[in-house]
J.: 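Could you have a look at this structure, given as structure tokens, before my questions?
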Amino acid sequence: MNDASDHGSGNTHKNFIEIEIEKDFASKQELVGRTVYTRFPPEPNGYLHIGHAKSICLNFGLAKTYGGHCNLRFDDTNPTKESEEYVNSIKTDVNWLGFQWDKLLYASDYFEQLHDWACQLIREGIAFVCDLNADEMREHRGTLTQPGRNSPYRDRSIEENLDLFARMKKGEFPDGAKTLRARIDMTSPNLNLRDPVLYRIMHAHHHRTGDAWCIYPMYDWAHGQSDSIEGITHSICTLEFEDHRPLYDWFCKTLRIYHPRQMEFARMNLTYTVMSKRKLLQLVQENHVSGWDDPRMPTISGLRRRGYTPESLRMFCERIGVARFSSTIDVVVLEGSVRDHLNTIAPRFMAVLDPIKVVLTNYPEGQTEWMDAVNNPEDPSGGSRQIPFTRELYIEREDFMETPPSKFFRLKPAGEVRLRYGYVIQCNEVVKDAEGNILELRCTFDPTTKSGSPTAIERKVKGTIHWVSASESAEVEVRLYDRLFLSENPEDAPAGKTFLDNINPNSIRVVRAKVEPEVAKQLPGAKVQFERNGYFCADVIDSKPGVPVYNRIVSLKDAWARMTTRDNKA
RNA sequence: UGGGGCGUGGUGUAAUGGUAGCACAACAGACUCUGACUCUGUUUGUCAAGGUUCGAGUCCUUGCGCCCCAGCCA
């Protein structure tokens, strides 16, 4: 067995699941000669989100760590909520995250077997057909503090149960008319054991089995047995299924079939977003976002479109760890992960998001110099490119201040700043309109300071800013995304309000940016860094050939912004 | 308030009963033609109270707090 400690990215200790797995393999007779077998079992009733990524990384990661296998199994036992669209999106997302399943399976593959096992239980007198309707059943179930009462149909004969169940299967009864239940214990303090429903009648078309069935197994009746059939050694799920484990165990034991071990871990919460399927659906349906893959959504498809890489998501899952404590992860951990990955791979470009014109009064009109610029300082093999330098340029509006604070290293009246890969310039004049708005900055450049020249090296200036030629640049649409919600926990809204009231009205800002020519040539999906701004991704949907539209994935860390906001607060 | 879980710095996550560590964040400094990256350093923690023990985050007792369960959803 391999050592679980080598996951990379710093996290060298084992989590509690790995520890338990190792104990099991060291001590359990039935595991001798076997390897770890896990499964990722989504219901295809929606799009996967970052919380699922944690489960995917865990299940597939365990298999990889221990040289075992992991299946992708769709828990498709409720045809009214499921569709092939979701099946396909889930397959895409799992693969995109970088994982290959051993087998692609469906709970519906086992419908026949599950049905046979149900008949077995009936024949053994431990399952019965119940005529109680939903309301009556709820009433008989009791409450958290009061025991339930036996169904009046609990003691039907085996023959009658067999007959009734067969007729349920044949379609003789309408939806809801009858259920098949296990005879366990209506007084159990665990509500899951109070004669749970095994089958319900649903005259619904299933996306895989069509109209072959009109009775469908419940989750509890399907899940453990599916694990068992597949030879899953460790069935890993989230904490809310903990109360179901006694049932899971009871079914395996009662059916006398291979018995996987269910283990639960805490699902993740993320600050500044919502994760429940219902709320995500609501955001989509009420058009608060453009769709499941809106770049502001915490869905895998949204993060992918935003520009997150599989590597960054895996790194994130590694960093947050696995435990049984319901934690809330600060979204900065997610943002930090994508920064760390993109820093190593993203080519650098210059882009001015909020341009202000600079005229170099001593620079020849009509002249263009091609300046050499490094593509990625983190990647020596990345090479370099040429950027046009001209008399008229754009710089970022916030890189100039007329009356700056003391630590402001950028351009100011009579001050000097280096233009990255260009020259050192000095600001001589601020041209304004009648209202006092700055129209342009008139500056002079120092010809001895050309980037890369020997004379440039001696010249030290505190600040370096990015720029783009006014005449030799392109213009692109850039979408500046911010967090979708204003509050850390959008769900805790004041009385009478909902999470929707916490939506950030400025979660997207669209600008036209001036960019160096190369930026306009990037292909959809390209991930780049706009120097001193952030990481950006050419949108896969809205970019057209030769006309990319950029999404801001995440800004760069900004010590200056931190410093200024802190001073303002003080 | 029946049952099941869970409480370790700001956020996560470790620690056969034996020096409370790691990551992220923050802060300070160094470096810097990205106020990025990198490097160095620093701050901050065992829910509480008792008990057992030479020694308790870990074991025991009591209390407090949080999460999950009353679908013919998963």
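Chain A is the first sequence line, chain B the second, and so forth, proteins listed ahead of strands; every chain is numbered from 1.
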J.: Nucleotides 8-10 of chain B: which of its N/O atoms have a protein N/O under 3.5 Å away?
T.:
none

J.: Is any side-chain N of the basic residue among Glu516(A) and Arg385(A) closer than 4.0 Å to the acidic one's carboxylate O?
T.: yes
J.: Using the P atom as the reference point in each nucleotide, state the distance between U53(B) and U58(B) in Å, no decimals.
T.: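 Rounded to whole Å, the distance is 16 Å.
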J.: Tell me, which pairs form a salt bridge (charged side-chain N to carboxylate O under 4.0 Å, His left out) where one or both residues lie in residues 193-202 of chain A, sequence neighbours left out?
T.: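 Only Arg154(A)-Asp195(A) qualify under salt bridge (charged side-chain N to carboxylate O under 4.0 Å, His left out).
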J.: From C-beta outward on Glu378(A), which listed nucleotide comes closest to its side chain: G12(B), A74(B), A36(B)?
T.: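 The closest nucleotide is A36(B).
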J.: Name every residue in residues 129-137 of chain A that has at least one heavy atom under 4.0 Å from any atom of RNA chain B, in order of residue number, or write none if there are no such residues.
T.: Leu132(A), Asn133(A), Ala134(A), Met137(A)
J.: Quick check on A70(B): is either OP1 or OP2 less than 4.0 Å from any side-chain nitrogen or oxygen of Arg138(A)?
T.: no
J.: Please work out which residues in residues 47-59 of chain A have a non-hydrogen atom less than 4.0 Å from an atom of RNA chain B and list them by number.
T.: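 Heavy-atom cutoff 4.0 Å gives no residues at all.
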J.: Determine: side-chain N/O of Arg200(A) to OP1/OP2 of G71(B), distance under 4.0 Å, yes or no.
T.: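 Checking G71(B) against Arg200(A), no side-chain N or O comes under 4.0 Å of OP1 or OP2.
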J.: Measure all distances between protein nitrogen or oxygen atoms and nitrogen or oxygen atoms of nucleotides 18-20 of chain B, and list the pairs falling under 3.5 Å.
T.:
none

J.: Partners of Arg39(A) by side chain to side chain donor-acceptor pair (under 3.5 Å), sequence neighbours excluded?
T.: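 For Arg39(A), the residues satisfying side chain to side chain donor-acceptor pair (under 3.5 Å) (neighbours in sequence not counted) are His223(A), Ser235(A).
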J.: May I ask you to evaluate whether Arg278(A) reaches the phosphate of A74(B), defined as a side-chain N or O under 4.0 Å from OP1 or OP2?
T.: no
J.: Could you tell me whether Thr77(A) contacts a base, only the sugar-phosphate backbone, or nothing, with contacts defined as non-hydrogen atoms closer than 4.0 Å?
T.: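 Sugar-phosphate contact only.
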J.: Roughly how many Å is it from CE in Met268(A) to P in G12(B), rounded to a whole number?
T.: 12 Å
J.: Whether Lys14(A) contacts A15(B) is assessed here as follows: a side-chain N or O lying under 4.0 Å from the phosphate OP1 or OP2. Is that the case?
T.: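 Negative; the distance criterion is not met.
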J.: Just call it for Val322(A): base, sugar-phosphate, or nothing, with non-hydrogen atoms closer than 4.0 Å on any strand.
T.: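 Sugar-phosphate only.
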J.: Protein-nucleotides 42-45 of chain B N/O pairs closer than 3.5 Å?
T.:
none

J.: At 4.0 Å (heavy atoms only), tell me whether Gly452(A) reaches a base, stays on the sugar-phosphate, or touches nothing.
T.: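 Base, at least one base heavy atom under 4.0 Å.
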J.: With a non-hydrogen cut-off below 4.0 angstrom, is Tyr199(A) in contact with a base, only sugar-phosphate, or nothing?
T.: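 Tyr199(A): no heavy atom of the nucleic acid under 4.0 Å.
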J.: Can you tell me if Trp560(A) is stacked onto the base of G35(B), using a 5.5 Å centroid cut-off and an angle below 30°?
T.: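 Trp560(A) ring centre within cut-off of G35(B) base, planes near parallel; stacks.
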J.: Using nucleotides 24-31 of chain B, report all nitrogen or oxygen pairs with the protein that are shorter than 3.5 Å.
T.:
{"from": "A25(B)", "atom 1": "OP1", "to": "Lys557(A)", "atom 2": "NZ", "distance (Å)": "3.4"}
{"from": "A26(B)", "atom 1": "OP1", "to": "Arg562(A)", "atom 2": "NH1", "distance (Å)": "3.0"}
{"from": "C27(B)", "atom 1": "OP1", "to": "Arg566(A)", "atom 2": "NH1", "distance (Å)": "2.7"}
{"from": "C27(B)", "atom 1": "OP2", "to": "Arg562(A)", "atom 2": "NE", "distance (Å)": "3.1"}
{"from": "C27(B)", "atom 1": "OP2", "to": "Arg562(A)", "atom 2": "NH2", "distance (Å)": "3.4"}

J.: Does anything in residues 337-350 of chain A form a salt bridge (charged side-chain N to carboxylate O under 4.0 Å, His left out)? List the pairs, not counting sequence neighbours.
T.: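 Qualifying pairs, neighbours excluded: Arg319(A)-Asp340(A).
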J.: Within the structure shown, what part of the strands sits under 4.0 Å from Arg141(A) by heavy-atom distance: base, sugar-phosphate, or nothing?
T.: sugar-phosphate
J.: Hey, is G71(B) sitting syn or anti, using the within-90° cutoff around 0?
T.: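 The base of G71(B) is oriented syn (glycosidic angle within 90° of 0).
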J.: Once you apply a heavy-atom cut-off of 4.0 Å, does Arg418(A) come out as touching a base, just sugar-phosphate, or nothing?
T.: base
J.: Does anything in residues 72-81 of chain A pair up under salt bridge (charged side-chain N to carboxylate O under 4.0 Å, His left out), and if so which pairs, sequence neighbours excluded?
T.: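 Checked against salt bridge (charged side-chain N to carboxylate O under 4.0 Å, His left out) - neighbours excluded - the pairs reaching residues 72-81 of chain A are Arg73(A)-Asp227(A), Arg73(A)-Glu230(A).
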J.: How long is the line joining CD of Glu240(A) and C1' of A74(B), in whole Å?
T.: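 So the CD-C1' distance, Glu240(A) to A74(B), works out to 9 Å.
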J.: Mind checking if Ser327(A) touches a base, just sugar-phosphate, or nothing, with heavy atoms under 4.0 Å?
T.: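 Result for Ser327(A) = sugar-phosphate.
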J.: Using a cut-off of 4.0 Å on non-hydrogen atoms, how would the nucleic acid contact of Pro377(A) be classed: base, sugar-phosphate, or nothing?
T.: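 Base contact - Pro377(A) has a heavy atom under 4.0 Å of at least one base atom.
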J.: Is the distance between the ring centroids of Phe536(A) and Phe349(A) under 6.0 Å?
T.: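 No, ring centres 6.0 Å or more apart.
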J.: Treating a pair as Watson-Crick (purine N1 to pyrimidine N3 plus N6-O4 or O6-N4) or G-U wobble (N1-O2 and O6-N3) with both distances under 3.5 Å, list the stems of 3 or more consecutive pairs that involve RNA chain B.
T.: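 The stems are B:2-7 with B:64-69, B:10-13 with B:21-24, B:26-30 with B:38-42, B:47-51 with B:59-63.
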J.: Using 4.0 Å as the upper bound for N to carboxylate O, is an ion pair formed by Arg208(A) and Glu82(A)?
T.: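 Salt bridge: no.
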J.: Taking the side chain of Thr143(A) as heavy atoms from C-beta outward, which of G35(B), A70(B), C37(B) is closest to it?
T.: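 Out of G35(B), A70(B), C37(B), the nucleotide with an atom closest to Thr143(A)'s side chain is A70(B).
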J.: How close or far is atom P of U34(B) from atom CG of Asn376(A), stated in whole angstroms?
T.: 13 Å
J.: Tell me which donor-acceptor pairs under 3.5 Å the side chains of residues 325-332 of chain A have, and how far apart each pair is, sequence neighbours excluded?
T.:
{"from": "Asp330(A)", "atom 1": "OD1", "to": "Val332(A)", "atom 2": "N", "distance (Å)": "3.1"}

J.: NA contact type, Tyr216(A), heavy-atom cut-off 4.0 Å: base, sugar-phosphate, or nothing?
T.: nothing
J.: Specify the residue among Asp75(A) and Gly142(A) whose closest nucleotide of RNA chain B lies further upstream toward the 5′ end.
T.: Gly142(A)
J.: What contact category does Gln529(A) fall into here, base, sugar-phosphate, or nothing, at under 4.0 angstrom with non-hydrogen atoms?
T.: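 Base contact - Gln529(A) has a heavy atom under 4.0 Å of at least one base atom.
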